[in-house]
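Chain letters run A, B, ... following the sequence lines, proteins first, then strands; residues in each count from 1.
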Amino acid sequence: MSTTRRRLGWISMHTGPQKTPARLSLTLESHRPRLQHHHDHHQTPNLPLYAAPPLLPDRGPQYLPRAPPGQRGRGRGQRGGLGRGQMFEDPAVMRIVEGRPSLKSLDSAIVDCGNAMYLKTFEDDWMAPSYRKTRRISGSLLQDSAIVCVIDGRRGRGQHLTSNFLDLPYPVSSFRGRRGEPRGSYSRRPFGQRGPSQMHAPIIPGSPIFSRQPLTPRQHYNQTGGFMFPSNRPCPSTPQSLTPKMMQLRFGANSPRPSPFYSPSSNPVQHFRYPGPVTQLHPQHKRLLSQKQRVFHRKSEGWDPYCNLMTAKEKEWITRLQMIQLQSENPYHEDYYYQEYYRRIEAKMAEEELGIRSKREPPKLTTPYITKTDSYTPVVHIEGSLGQVAVSTCYSPRRAISAVHAVQAQGPLEEQKDTRQQRLEVLSKIERLFMALLEVEETERMKTTVLGEEEERRLMEKTQRKVEYIYSQLQHHDPLDSGGEFLPFLLVSKGKKLLTRLLPFLRHDSALKILRIVTSNLPTLMSRDTEEALPVLYPPLRNVIGGLTFSQLIGVLKDLTSSESLSTYDCLTLACQNKFGLSLLYALLSQGEKLLSSGVPLEPSIGDFETWTDTIFQVAAQLSQCSLVEPLLLPSNLLTLFCRYLDKRTVHQLKSNMESATGFLALPS
Amino acid sequence: MNYVPGTASLIDDIDKKHLVLLRDGRTLIGYLRSIDQFANLVFHQTVERIHVGKKFGDIPRGIFIVRGENVVLLGEIDVDKPCDTVLQQVSIEEILEEQRLQQQAKQETEKVKMQVLKDRGLSIPKADNLDEY
């Protein structure tokens, strides 16, 4: 009966002839293990590739293939000690470590229970200690061509390591000056001959080497290598003195990169190159990168002999790869948060750079922050619903409220519509129009990248069509015109946001129409603005106001002050109590003042000036009496305006009133 | 120095001590030496830490290469920060024994549960057996 035994985790290979019977332990299920168990002969028809021992006669009880404790990896089937030299001719064995038997019995995966052997700190002579340590092992180790380098810190030898030199784009770091070592004794030596005197070298960026500290093994030969060719930078990829032997060894971590962006660094002083012209970094990003490069901030922690196993070149390679992955045709679409983040940083920095020009001239829109106390109600009950509403958990996510309204079974004869139904209609329409608006904005952005004239024209047409579509959709929501144009959308906060973003695209007359709607319905809007979303409308409306003619302005003011149900006084009072309303009022007055003082012929209609002066007086009366809220923006020419029409005392009073609201001094008139 | 600010990159984490949790539930602690574009990780002086209750044990593992897709989370360990923890370190044998006991207990309760469910004609698939999530 054959007993098969499977060994897990160990593959032992051996090369060359052997005197003793071979023992094989295989992890492959398809192969029956070749064992010389004491009762059996086994002839495996298909032997693994890497060993073909002859079938040996039964030799009596023999030990099963198991390395004696203290040695891992077997080269030969001998029990007891294996000669170290033999051990190292086995290409699979990189290192021998001694372990504790108890742990091995517990877990066969435990490989190494010993301490890694560290490179002792060097004093002066850096080569000698390493030579001392490596002599024992490295002699035979490195004869094996499969082993490129020993990773455990015993790189004392030059021969196999010189292949690295030529790939190094290592720039000269600014730490050079810090090294205490004399550098004068450098001389260009041919390969393989490195003496102790060649220890000083430029340091790889990112590796903090302070004076007289020993190098990691990697840095060790990197340095000497890098040091060898400081003047040979322009083409390290095609080095002149590359011997054939070293050509063979150019694989592994230091092989030439297959990436298409592999290009040797031609500038020795450059610390980090941007990953090539192909990547699109945001300009702010580039600036940040260059800033950070100048800062070397490594902590001088306890020095780690294994640090910088990953070379700067490799790091660069990975960064490059990541950059390539970040490329896209439409970054705003695919990498929105990155773009937005940098756009905001840019805006902030631009603002800081401008300084505080004319206090508060650029509108600082501060949206009010409302704290809602979140109370979790485990059972949610909605009016009109049957029973409880399912609360969503991670196991049963609740279906999102679908704002899709069912097609009305009732025909156009039906007069009464459910208010909720209507609201849903409005909401769903806003969503659809938002999608269209996003497309418009995207085409706008694309315009900057587009080169051809034809293309630009086409895009403009497309934009225009879309904008008109959105506008018309917003204008006439309901054929019955129940709510007035635009009003149903303005009452929804998202609708306000939609209009805010749409306004820059509209022509002047369309925008004016919206402005008039806003001003005529201002009391309604203000009263129903529970979320205080009105201020978002302020910036675009201010731009529209900035383009008004005098008669248009008067028209708007009339709308503002005359309402169906409220008197002028009430309208104005309400406006003054509301941030948005007050700001709008200020903006209108400011525009009037601007027009009047600009000297441009105004072409007023009949009665315009009267309305104008009337309004001024009314507003002044209002402003001086009631307490004002802080406006979103206080135009600087208001006081000039008031001075023109009112006496000094009133002006002074107005000034103090306005200032107390805003909390800072308005510009003196 | 983050080579790619504004993004997440492991390059800054190199040569620092990390703790990684793998998909099979193992916790490894070691020095992150090398990475690649798939976030495969090379750990040095790795230690596998097994926690059972308030006790834990460390098994030294040497050099570990973790395939990127098996990482659940990875975090840097601040070696300077004082470690005042209620956890008690025990020997490896002990922790493995504890773990074995814990697994055993869990399996038994699971078995009982499955039996009870089976009696009622129900079956709940175990999350770890599912390929989709």
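Heavy-atom neighbours of B:Ile124 CD1 from other residues, nucleotides or ligands within 6.0 Å: at or below the threshold of 12.
The existence of a salt bridge linking A:Glu352 and A:Lys348 is excluded, since no basic side-chain nitrogen approaches an acidic carboxylate oxygen closer than 4.0 Å.
Every residue was checked against the salt bridge (charged side-chain N to carboxylate O under 4.0 Å, His left out) condition with B:Glu108, not counting sequence neighbours, and none meets it. Qualifying salt bridge (charged side-chain N to carboxylate O under 4.0 Å, His left out) partners for B:Glu97, counting only residues two or more places apart in sequence or in other chains: B:Arg100. With sequence neighbours excluded, the residues that form a salt bridge (charged side-chain N to carboxylate O under 4.0 Å, His left out) with B:Lys55 are B:Glu94, B:Glu98.
Under the 4.5 Å side-chain criterion, counting only non-hydrogen atoms from C-beta, A:Leu321 is not in contact with A:Thr319.
Among the residues in residues 26-38 of chain B, those with a non-hydrogen atom closer than 4.5 angstrom to a non-hydrogen atom of chain A are B:Arg33, B:Ser34, B:Ile35, B:Asp36, B:Gln37.
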